[in-house]
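Nothing here was measured: the structure is a model prediction, and the numbers come from that model. Any value given below was found using the heavy atoms of this structure, including those in side chains, with hydrogens, waters and symmetry copies removed. A, B, ... follow the sequence lines: proteins, then strands. Residue 1 opens every chain.
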2 protein chains.
Amino acid sequence: MTEAKQTDADTGGATSARVATYLRDLILRDELKPGDRIRQEDIAARLGASRLPVREALRMLEAEGLTEHARHKGARVPRLSMHEVDVIYRMRERLEPLALAESLPLLTDDDHARLEDVQRRIEDNGDLDRFLELDREFHLGTYSACHIDPLNAMVARLWNSTQHYRRAYVAMGGRSRMWVVNAEHRLILDAVVRRDSTDAERFLEGHIRRTRIELGHHPAVFGEPS
Amino acid sequence: MTEAKQTDADTGGATSARVATYLRDLILRDELKPGDRIRQEDIAARLGASRLPVREALRMLEAEGLTEHARHKGARVPRLSMHEVDVIYRMRERLEPLALAESLPLLTDDDHARLEDVQRRIEDNGDLDRFLELDREFHLGTYSACHIDPLNAMVARLWNSTQHYRRAYVAMGGRSRMWVVNAEHRLILDAVVRRDSTDAERFLEGHIRRTRIELGHHPAVFGEPS
DNA sequence: TGACACAGGATTGGATCCAAAATCTAGGCC
DNA sequence: GGCCTAGATTTTGGATCCAATCCTGTGTCA
């Protein structure tokens, strides 16, 4: 484990928060899929750390709903049913307009320009994996001026726990709906730039609702991973 | 630390989940207040365990928003500003009607009877501390048939993180509003028993909104604890 | 041939030990 | 007398070791 120290240097020290970030990222990238088991020793070795920070990280992720634990059986990435994902989208429909309303008055012209740029890149882009990333960046970007921690954390959590299913949907047939998404993003963005909170909230809520309904039409997304 | 094992036996083994429950309870009972520091060794000794499960428990609570951590400085119970509590209540206004809608069709007649009983006990009761407990039991009881974990967890979290401020408000002057609370509970409960989701959601949302506005009229609740 | 039981390996849970960082205290200096 | 600095103490962070539990593979017996 001499090379460990090097890996350690790369990552800048493997604190439990860093391990949590690493694991969260693996799950978001779909390198850890629902049902996958997470072995403490594996992760520890990969990051050149001991199992202890891994255990703390797993506890954090557990509280975030990104992993589930069974005593003496270890951690897994939880599988969500279609109904659970549906409810999570309903939660998003209600929470994200609130986050947007909190953020909107505080967004600067620079922020607007950044969001315009992200949306342009979404429209230019054909790659589905890149789309997922930019779509997230667009939405969370519109909330970025909201500094209420519980709200931010909760919104991020809802995105994180459904990331796998978003990806599966987009990969499966969501491509054809891309132009609708873009049109809706444009409506939201215009309202944001006008600082019209009422419109922005309404358009956002509709956007999430329609996405949710679309998801409900693709039950295959929730089938067994392999 | 020979007596440790005995304490251990009392609590039935001090796993990290148990430590987390213990700490969560301390915070909910206001024995740990916003700003208070939590020393790992203290808790470990009190529960007759080593510091390790305490550390894991603190990580869980951190992810739940019940504690905050600074590297090498330890854990504290976070202080919330009036604005933060206000936003948390807005989150409740939106999320709890959803939880109620999910739960309502699944509540049995037994559940209804139980809720009636809880509400009766609230009305009979003068003790403020007991009121906090029963009020929580009433509301979470109406959501109890909803088995969507992310939603349940989030609602519980919102209640937990504002518990101290609810207590401060009730202790300070909320007493005079008790009859309003009871009337609103009655409206909600009747709608629940009728299985009228629309009414139930509307009454619940209004109930939380009015509570939030009331809280905003008592800025002293958010003053320094001591 | 199938099902059950036992044993060995693998994996997690918990305790103790050591290192690093922060806080507190005391002393010196301006 | 107040402020700054240096050392000691306290507290947290991380690693390693041991115990408890679970999974797996093999063997035996019906």
Side-chain angles (χ1 to χ4, degrees), chain A residues 1-24 26-27 32 35-64 66-78, chain B residues 1-24 26-27 32 35-64 66-78:
Chain A
M1 214 165 283
T2 23
E3 57 174 9
K5 270 277 173 271
Q6 289 156 20
T7 309
D8 208 41
D10 291 348
T11 57
T15 150
S16 38
R18 184 167 293 277
V19 178
T21 303
Y22 173 74
L23 284 173
R24 205 180 286 114
L26 283 187
I27 296 173
L32 282 173
D36 283 358
R37 185 164 172 197
I38 302 174
R39 279 185 193 77
Q40 298 175 0
E41 193 68 55
D42 281 6
I43 309 298
R46 242 187 278 179
L47 271 67
S50 82
R51 272 174 42 216
L52 200 145
V54 177
R55 279 162 66 174
E56 289 188 2
L58 286 173
R59 291 300 184 184
M60 288 194 266
L61 296 178
E62 180 186 13
E64 289 179 28
L66 276 180
T67 61
E68 58 186 7
H69 286 247
R71 193 176 162 80
H72 280 114
K73 293 182 67 176
R76 305 185 90 84
V77 181
Chain B
M1 215 168 283
T2 22
E3 56 172 9
K5 270 276 174 271
Q6 289 156 17
T7 308
D8 208 41
D10 291 349
T11 58
T15 152
S16 38
R18 184 168 293 275
V19 178
T21 303
Y22 173 73
L23 284 173
R24 205 180 287 115
L26 283 187
I27 296 173
L32 282 173
D36 283 359
R37 187 167 172 194
I38 301 173
R39 281 187 191 76
Q40 299 175 0
E41 192 68 54
D42 281 6
I43 309 299
R46 239 186 281 180
L47 272 67
S50 81
R51 273 174 43 219
L52 200 145
V54 177
R55 280 161 67 173
E56 289 188 3
L58 286 173
R59 292 300 184 184
M60 289 194 265
L61 295 178
E62 181 186 12
E64 289 178 28
L66 277 181
T67 61
E68 59 187 5
H69 286 246
R71 194 178 160 77
H72 281 115
K73 293 182 66 178
R76 290 185 167 293
V77 181

For A:Arg24, enumerate each residue passing the salt bridge (charged side-chain N to carboxylate O under 4.0 Å, His left out) test, keeping only those at least two apart in sequence or located in another chain. A:Glu64
Taking the side chain from B:Thr67 and the backbone from B:Glu62, do they hold a donor-acceptor pair closer than 3.5 Å? yes
Using nucleotides 6-10 of chain C, report all nitrogen or oxygen pairs with the protein that are shorter than 3.5 Å.
none

Non-hydrogen side-chain atoms of A:Leu32 and A:Arg37 separated by less than 4.5 Å: no
Verify the contact: side-chain N or O of B:Lys73 to OP1 or OP2 of C:dT23, cut-off strictly under 4.0 Å; return yes or no. yes
A:His69 atom NE2 is separated from C:dT12 atom P, nearest whole Å, by 10 Å
A:Arg71 atom CZ is separated from D:dA20 atom P, nearest whole Å, by 12 Å
Can you check whether A:Val54 reaches A:Leu47 side chain to side chain, under 4.5 Å on heavy atoms? no
Taking for each residue the nucleotide of DNA chain C with the nearest heavy atom, is it A:Leu52 or A:Gly74 whose nucleotide lies nearer the 5' end? A:Gly74
Output, in order, the C-alpha distance, side-chain angles, deciding distance and verdict of side-chain contact (heavy atoms from CB on, under 4.5 Å) for B:Ile38 and B:Leu58. CA-CA 9 Å; B:Ile38 301 173; B:Leu58 286 173; 4.2 Å; yes
From the list D:dT16, C:dG14, C:dG13, which nucleotide is the closest neighbour of the side chain of B:Ser50? C:dG14
Keeping the roles fixed (side chain from B:Arg76, backbone from B:Gly35), state whether a donor-acceptor pair exists under 3.5 Å. yes
Between CZ of B:Arg18 and C1' of C:dG14 the distance, given in whole Å, is 15 Å
Once you round it to whole Å, what is the distance between P of C:dG13 and CE of B:Met60? 10 Å
If you assign each of B:Arg37 and B:Arg55 to its closest nucleotide in DNA chain D, which residue comes earlier from the 5' end? B:Arg37
In this structure, how many angstroms lie between the C1' atom of C:dC17 and the CZ atom of B:Arg51, rounded? 11 Å
Atom CD of B:Gln40 and atom P of C:dG14: how far apart are they, to the nearest Å? 15 Å
Rounding to an integer number of Å, can you tell me how far A:His72 NE2 sits from D:dA19 C1'? 9 Å
Using a 4.0 Å heavy-atom cut-off across all strands, classify A:Ile38 as base, sugar-phosphate, or nothing. sugar-phosphate
In this structure, how many angstroms lie between the C1' atom of C:dA15 and the CG atom of B:Leu47, rounded? 15 Å
Please name all residues satisfying salt bridge (charged side-chain N to carboxylate O under 4.0 Å, His left out) with A:Arg55, sequence neighbours left out, ordered by chain then number. B:Glu56
